[in-house]
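Note sheet for the following structure.
All values below were derived from every heavy atom in this structure, side-chain atoms included, with hydrogens, water molecules and symmetry-related copies excluded.
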Amino acid sequence: MLDPATFREIVSGRRRGAAATACRALLRGAEAGYAAAMRLRNIRYDSGRAPIFRVDVPVLSVGNITLGGTGKTPLVEWLARWYRARQVRVALVSRGYGAERGGANDEALELEQRLPDVPHVQNADRVAAANLAIEEFESQLVLLDDGFQHRRLARDLDIVLIDALEPFGFEHVFPRGTLREPLGGLSRAQVVALSRADLVSAAERGAIETRVRRYASQAAWIEIEHRPRRLTDAGGGHEPIETLAGRRVAAFCGIGNPAGFRQTLERLGAKLAGLREFADHHAYSREDIAELRDWAMAIHAEVLVCTAKDLVKLRLTHIGGLPLWALVIEVEVSRGRQEFERGLERFLP
């Protein structure tokens, strides 16, 4: 089993040598079958052979074309706040990937803290979850979290995030790359959002948009930035992000794409002594915490920093005597906001 960092090193082509080349060849063999299965699945829904169910309120989906790590959760929060500010009763619906049986997953726990007035229903049967949200909470609008590849629940707007740092999944469908389906699937999107747009140049942003429009020529294009607003700890304490400037930081995360987390810390002026990468939705054990303590001490860190998604599972203010902080990230739509908001207004009750 490849750990997340090694997997990315191999599929990106950064890792060289006979073993890495052989591994890529094996993964490419598996890719063909997975991509074919996704194409067949989409054909079944597009042709009407697989049923699609509509509920009684608008459904807006936020999803990815690549595996995790595009900054989806902050955009879901932004959308929920936008509609709540207009007095719309919103509910979040998700599959609950990575949750322990009967519990909420890390994304749900994070959103629960940030959006206490927005119910979140997790169920692998998202049609049933949406109907429950409408019946039990009298929801007027459903936000489908991580819903782009879920075709069974009809949606009124499909928003797809593209990560500016890894936009096209290393040009391969999983497991040879990180694409969830072939790029042709972008044709279903009504809005394409380039996340972390501020971390690449204008020329790179333009090249990504040009390529996306080959598949989604009619989609609205927006660009969003993920702005670190403050540091928070599990006890509810807050510190300004300037606190990290010049300090030796031991960072760790269990997210889909750690590259954005690394760049954010570096841009804040932190002295990044090390970054430990765990699998997306990683459930931290006592052994993990002990290893993080020993590692942070070995690299002479002054503070440990993780993502909010990690902190809700750890619920610790310190590890080995060192303070543990999480970056609180908020979304800002830096391009296309007016058109985007006009589109959102169509679903106001």
Side-chain angles (χ1 to χ4, degrees), residues 4 8 12 60-82 92 94 106-107 110-111 114 143-149 157-170 177-181 183 185-186 188-213 215-216 219-229 253-268 280-281 307-310 326-337 339-341 343-344:
R8 272 192 152 74
S12 68
L60 279 61
S61 167
V62 181
N64 309 322
I65 195 72
T66 55
L67 295 172
T70 59
K72 177 172 51 59
T73 300
L75 181 58
V76 170
E77 179 188 351
W78 187 95
L79 287 164
R81 290 188 186 280
W82 193 91
L92 306 180
S94 66
D106 44 20
E107 291 162 348
E110 180 184 353
L111 287 167
R114 305 283 292 275
L143 289 176
L144 181 59
D145 187 3
D146 198 15
F148 190 55
Q149 283 74 37
L157 188 70
D158 255 314
I159 304 169
V160 179
L161 278 82
I162 300 283
D163 188 343
L165 299 177
E166 290 182 6
F168 302 115
F170 306 115
T178 59
L179 285 172
R180 291 183 169 196
E181 59 177 298
L183 286 171
L186 286 170
R188 304 194 306 275
Q190 285 90 48
V191 177
V192 177
L194 184 68
S195 66
R196 302 190 180 97
D198 54 321
L199 299 185
V200 299
S201 68
E204 289 173 297
R205 295 195 297 273
I208 294 168
E209 181 181 1
T210 297
R211 186 168 178 191
V212 166
R213 291 208 177 279
Y215 307 98
W221 176 268
I222 65 172
E223 295 178 3
I224 59 179
E225 300 176 5
H226 292 81
R227 299 287 181 87
R229 296 303 188 193
C253 58
I255 56 178
N257 178 10
F261 183 50
R262 174 189 289 275
Q263 287 207 26
T264 298
L265 289 170
E266 290 173 343
R267 285 160 67 101
L268 291 174
D280 198 11
H281 301 287
T307 72
K309 182 174 165 179
D310 299 297
L327 278 179
V328 176
I329 302 294
E330 295 179 1
V331 156
E332 181 174 312
V333 182
S334 57
R335 177 184 167 192
R337 178 164 180 161
E339 181 185 1
F340 184 44
E341 290 190 330
L344 298 179

Practice item. Please confirm whether Arg180 makes a cation-pi placement over Phe148, using NZ or CZ under 6.0 Å from the six-membered ring centre and within 45° of the ring normal. Key: no
Review point. What closest approach, in Å, do Arg196 and Gly260 show between heavy atoms, and which atom pair accounts for it?
Key: NE-CA, 3.7 Å
Review point. So does Glu181 pair up with Arg188, basic N to acidic O under 4.0 Å?
Key: yes
Point to revise | Beyond-backbone contact of Leu327 with Thr307, side-chain heavy atoms, under 4.5 angstrom | key: no
Review point. Taking it one step at a time, do Ile159 and Gln190 satisfy side-chain contact (heavy atoms from CB on, under 4.5 Å)?
Key: CA-CA 6 Å; Ile159 304 169; Gln190 285 90 48; over 6 Å; no
Point to revise | Where Arg205 and Trp221 come nearest, the two heavy atoms and their spacing | key: O-CZ2, 4.3 Å
Check your understanding: Does some side-chain heavy atom of Leu183 sit less than 4.5 Å from a side-chain heavy atom of Arg211?
Key -> yes
Exercise for review: Would you please test Ile224 and Leu194 for side-chain contact (heavy atoms from CB on, under 4.5 Å) and show each step?
Suggested key: CA-CA 6 Å; Ile224 59 179; Leu194 184 68; over 6 Å; no
Exercise for review: Evaluate the salt bridge (charged side-chain N to carboxylate O under 4.0 Å, His left out) criterion for residues Glu330 and Arg229: first the C-alpha distance (whole Å), next the side-chain angles of each, then the deciding distance (0.1 Å), finally the verdict.
Suggested key: CA-CA 7 Å; Glu330 295 179 1; Arg229 296 303 188 193; 3.4 Å; yes
Review point. Can you check whether Val328 reaches Arg114 side chain to side chain, under 4.5 Å on heavy atoms?
Key: yes
Study note, to complete from the structure: Here the pair of heavy atoms bringing Gly256 nearest to Arg8 is O-NH1, 2.6 Å
**Study point:** Leu144 side chain reached by Ser94 side chain, heavy atoms, under 4.5 Å
**Key:** no
Revision key, fill the gap. Taking every heavy atom of Leu161 against every heavy atom of Ser195, the minimum-distance pair comes out as CD2-CB, 4.1 Å
Review point. Would you find a donor on one side and an acceptor on the other, under 3.5 Å apart, between the side chain of Arg337 and the backbone of Glu332?
Key: no
Check your understanding: Are Arg335 and Asp198 close enough for a salt bridge, meaning some N to O gap below 4.0 Å?
Key -> no
Check your understanding: Are the side chain of Ser334 and the backbone N or O of Glu225 linked by a donor-acceptor pair below 3.5 Å?
Key -> no
Check your understanding: Who pairs with Phe168 by ring pair (Phe, Tyr, Trp, His ring centres under 6.0 Å), at least two apart in sequence or on another chain?
Key -> none
Could you list the donor-acceptor pairs under 3.5 angstrom formed between side-chain atoms of residues 64-76 and any protein atom two or more places apart in sequence or on another chain?
from, atom 1, to, atom 2, distance (Å)
Asn64, OD1, Thr70, OG1, 2.5
Lys72, NZ, Asp145, OD1, 2.9

Check your understanding: Hey, are the side chains of Ile222 and Val192 touching, using non-hydrogen atoms and a 4.5 Å cut-off?
Key -> no
Practice item. Please confirm whether Phe340 and Trp78 have ring centers closer than 6.0 angstrom. Key: yes
